[in-house]
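Here's the structure, in structure tokens; my notes come after.
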Amino acid sequence: QVILAESGGGSVQAGGSLRLSCVASGYSFSQFCMGWFRQAPGKERWGVASIESGGSIDYADSVKGRFTISRDNAKNTLYLQINDLKPEDTAWYYCAKARGHTCPIIGHPLAHTNFHDWGQGTQVTVSS
């Protein structure tokens, strides 16, 4: 059984930073593409960053330069470092496991269809 457990969200002021974590279990973590998605209230879920099993990384244009995705295969953990937070970053953040070792283009509106397993999410709220 695949389990993905996010943590690290919270309420911060604009300009602050957060580090989100996602601990994975139930499968060979190192062999799969992993991604971070976010969903703001009343909006659809969009991909923000992904990392392939081989380490290739992709970011949505809206977060480039502020978000950093990484993975520690020894700890079965995925990370998302978010710097210079903006009110528009307010959303639920989800980690997800792709169907294979390669990732789709994370900024594509259908990127989420390539991810099979999802965590419960962690909430990020940014105040101005």
Side-chain angles (χ1 to χ4, degrees):
Q1 179 185 4
V2 174
I3 299 176
L4 301 172
E6 302 96 334
S7 62
S11 296
V12 298
Q13 290 191 329
S17 297
L18 285 173
R19 188 193 197 199
L20 309 184
S21 299
C22 172
V23 178
S25 61
Y27 69 102
S28 297
F29 175 77
S30 65
Q31 296 184 16
F32 288 86
C33 159
M34 296 294 296
W36 284 100
F37 290 74
R38 67 183 180 185
Q39 187 167 16
K43 297 189 177 181
E44 295 184 351
R45 190 172 298 188
W46 280 89
V48 295
S50 66
I51 183 167
E52 295 188 339
S53 61
S56 295
I57 289 173
D58 186 26
Y59 296 102
D61 288 342
S62 59
V63 305
K64 285 180 179 176
R66 298 190 299 119
F67 287 29
T68 303
I69 189 172
S70 62
R71 65 192 300 165
D72 185 335
N73 291 332
K75 295 182 178 180
N76 287 353
T77 303
L78 180 73
Y79 301 100
L80 186 69
Q81 177 70 40
I82 310 175
N83 297 327
D84 188 24
L85 277 155
K86 304 178 184 300
E88 52 264 38
D89 294 322
T90 295
W92 279 87
Y93 285 73
Y94 301 87
C95 74
K97 168 188 166 292
R99 301 178 188 277
H101 63 91
T102 58
C103 296
I105 298 173
I106 198 63
H108 192 282
L110 296 179
H112 65 280
T113 62
N114 288 274
F115 290 80
H116 186 262
D117 299 280
W118 297 82
Q120 294 300 306
T122 187
Q123 190 172 20
V124 173
T125 303
V126 185
S127 57
S128 57

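The figures here come from the full heavy-atom set of this structure, side chains too, leaving out hydrogens, waters and symmetry mates. Keep in mind it's a predicted model, so treat the numbers as computed, not measured.
- With values rounded to the nearest 0.5 angstrom, F32 atom CZ is found 9.0 Å from D117 atom CG.
- Here the straight-line distance linking atom SG of C33 with atom CD of E52 works out to 6.0 Å at 0.5 Å rounding.
- In this structure, the side chain of T125 does not engage the main chain of S11 through any donor-acceptor pair within 3.5 Å.
- Side-chain contact between K97 and L4 is present, with at least one heavy-atom pair separated by less than 4.5 Å.
- Side-chain N or O atoms of R71 include one that pairs as donor or acceptor with a backbone N or O of I51 at under 3.5 Å.
- Using modelled atom types and a 3.5 Å distance limit, the side chains of D58 and S50 yield no donor-acceptor pair.
- Scanning all heavy atoms of the two residues, the minimum distance from A60 to G47 falls at CB-O, 3.5 Å.
- Within the 4.5 Å cutoff, no side-chain heavy atoms of I69 are placed close to those of Y79.
- Here the side chains of F37 and W92 are not in contact, with every heavy-atom distance at 4.5 Å or above.
- Counting heavy atoms from C-beta on, the side chains of S17 and Q81 come closer than 4.5 Å.
- F29 CZ to L78 CG: the interatomic distance, rounded to the nearest 0.5 Å, is 5.0 Å.
- The two residues A111 and I105 have their closest heavy-atom pair at CB-O, 3.5 Å.
- Here the CH2-SG distance, from W118 to C95, works out to 9.0 Å after rounding to the nearest 0.5 Å.
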Walk me through whether K64 and D61 qualify under salt bridge (Lys or Arg N to Asp or Glu O under 4.0 Å). CA-CA 5 Å; K64 285 180 179 176; D61 288 342; 3.1 Å; yes
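- Residues W46 and Q39 have side chains not in contact (no heavy-atom distance under 4.5 Å, counting atoms from C-beta outward).
- Of the possible donor and acceptor atoms, none in the side chain of R99 sits under 3.5 Å from a partner among the backbone N and O of H116.
- By the 4.5 Å heavy-atom criterion applied to side chains, R38 and Y94 are not counted as neighbours.
- A tilted orientation is assigned to the rings of Y93 and F67, their planes being inclined by 30° to 60°.
- Counting only heavy atoms from C-beta outward, the side chains of I106 and F115 approach each other to under 4.5 Å.
- Taking CG of L85 as the start and CG of L18 as the end, the distance is 5.0 Å to the nearest 0.5 Å.
- One distance of note links CD of Q31 with NE2 of H101; it measures 9.5 Å at 0.5 Å rounding.
- Few gaps surround CD on E88; more than 12 heavy atoms of other groups in view lie less than 6.0 Å from it.
- A distance-only check finds a donor-acceptor pair linking the side chain of T90 to the backbone of V126 [under 3.5 Å].
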